[in-house]
Every structure is written in C-alpha cells, then in structure tokens.
Amino acid sequence: QKEVEQDPGPLSVPEGAIVSLNCTYSNSAFQYFMWYRQYSRKGPELLMYTYSSGNKEDGRFTAQVDKSSKYISLFIRDSQPSDSATYLCAMSARVRGNTPLVFGKGTRLSVIA
Amino acid sequence: EAQVTQNPRYLITVTGKKLTVTCSQNMNHEYMSWYRQDPGLGLRQIYYSMNVEVTDKGDVPEGYKVSRKEKRNFPLILESPSPNQTSLYFCASSSKGGGTTEAFFGQGTRLTVV
C-alpha cells in the first residue's frame with residue numbers, strides 16, 4: 001500500500017462548481033498536511049497548510065483533515081478557469097532529522113468556462 | 001523576491017555525459033532538497049541537505065550526487081546519465097525540514113537523456 005493515495009483524475013468541472021479533492025494515507029505519524037498547486041510548466045506552490053486535524057478556510061479554499069479516518073480533503077468553491085492546475089496533497093511526520101514531504105501523485109483539474 | 005532558481009530549464013543530453021543542474025535560493029533557508037516528477041509516480045525525493053556540508057539520500061538517490069558547499073546553492077550532479085533519468089526535476093528549499101514550514105520550489109528542469 002502506498003503511503004499516500006490520490007486519485008489522479010483528470011477532473012473536469014464547469015465554472016462555478018464546487019470541487020472536492022481527496023487523499024488517503026496510511027502513516028498515522030503524519031501531522032502536517034498540505035495542498036500544493038502546480039500550474040503547467042511550473043513548480044508546485046503551497047496553497048493550504050494544516051497541522052493535525054480540523055478545518056482551515058482561505059477564501060474559496062477549505063482544507064479538512066480527518067486523522068481518525070486518515071483522510072484529507074480540499075474543497076474549492078465557485079471554481080474558476082484560473083483554478084485549472086494539478087493539485088498535490090503532501091504530508092509529513094515530525095521526527096528528528098529529515099522530515100521529508102510525502103506527496104500524492106496529484107489530481108489534474110480543469111475548470112471549463 | 002523570494003525564489004528558488006534552477007538552471008537549465010531544459011536539457012537534452014546523451015547517455016554517459018556528465019551534467020550538473022544548478023539550484024540557488026535567496027531566502028537563507030537551511031533545508032534544500034531535490035525531487036524528480038514522473039507521470040504516474042508523482043514527486044519523489046532524490047537527496048536532501050539540512051545545512052552546509054550535510055547531505056543525505058532520499059527515496060531515489062541511485063545515479064545522482066549532490067553537494068552543499070554554500071547555504072544558497074545545492075547542485076544536482078548526474079555523473080553518467082542514463083535514459084531512465086529522463087524526468088522533470090525540482091529543487092526546493094524551506095527554513096526547516098519537511099512539512100513543518102513551507103517548501104518553495106524552483107521552476108523545474110526538464111531533462112531528456114538519449
């Protein structure tokens with residue numbers, strides 16, 4: 001079983017739709033949960049960051065972490081064509097020394113105007 | 001502007017010809033790492049460095065070398081490139097290791113080995 005599972009899509013939605021992106025993980029030591037957005041021909045950039053369980057909202061974006069189910073989600077409200085990108089979940093455990101980020105494979109999202 | 005700069009952006013080379021991909025950050029970050037991104041496999045860590053002269057292997061280090069002589073620079077060296085190293089490479093830096101702080105990524109280097 002992979003440490004982090006993410007449906008690669010592609011996912012195509014009409015403008016204005018609510019988008020739900022998800023990842024599951026197996027390592028119960030993960031405490032830091034992130035969503036990165038990667039536009040075509042660009043490096044990933046941090047979109048949302050959550051420590052431990054709970055919700056975090058930033059404008060049209062909401063990140064949820066359910067540690068009991070080992071499940072994280074990113075919701076995008078009122079999706080826009082500019083949201084078209086690949087979304088990567090990432091997580092890490094807090095250990096001494098290297099605390100590498102473990103990435104999901106990414107979900108490619110297209111928002112159609 | 002805070003940034004991670006990689007060069008070159010695109011590179012086509014032949015099997016066995018040594019090459020170096022440079023990475024430089026201007027944020028005084030201690031932690032730097034290299035990833036490769038392949039379709040269906042996602043981002044995988046190659047090497048990382050927690051500070052000057054401190055480097056260690058990530059998940060897929062075979063065929064790669066790194067050095068960290070200065071805090072801002074972290075070059076990736078392929079001594080004898082092979083076609084299976086054709087990939088998209090990213091350098092990243094953060095003030096601390098892993099997910100405890102934001103990782104900043106470079107623009108990527110698309111390498112083709114023929």
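Here is how names work: the chains are called A, B, and so on, in the same order as the sequence lines, proteins then strands, and each is numbered from 1. Just so we're clear, the structure is a prediction, and the values are computed from it rather than from any experiment.
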Which region of [X], side chain (C-beta onward) or backbone (N, CA, C, O), has a non-hydrogen atom less than 4.5 Å from a non-hydrogen atom of chain A, or is it both or neither?
X	value
B:Arg110	neither
B:Tyr35	side chain
B:Tyr89	neither
B:Gln37	side chain

Heavy-atom contact with chain B under 4.5 Å, split by part of A:Gln6: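 Contact with chain B involves no heavy atom of A:Gln6 at all.
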Whether B:Thr109 side chain and B:Arg9 backbone form a donor-acceptor pair below 3.5 Å: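 Side chain of B:Thr109 to backbone of B:Arg9: no pair is present.
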Donor-acceptor contact below 3.5 Å, side chain B:Asn73 vs main chain B:Glu70: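 No: the side chain of B:Asn73 does not pair with the backbone of B:Glu70.
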Verify the ring-centre separation between A:Tyr36 and B:Phe105: is it less than 6.0 angstrom?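 Distance test on ring centres: under 6.0 Å, yes.
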Quick check on the 6.0 Å ring-centre criterion: do A:Phe33 and A:Tyr25 meet it?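 Yes, close enough.
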So B:Pro75 and B:Val21, do their side chains get closer than 4.5 Å, heavy atoms only? no
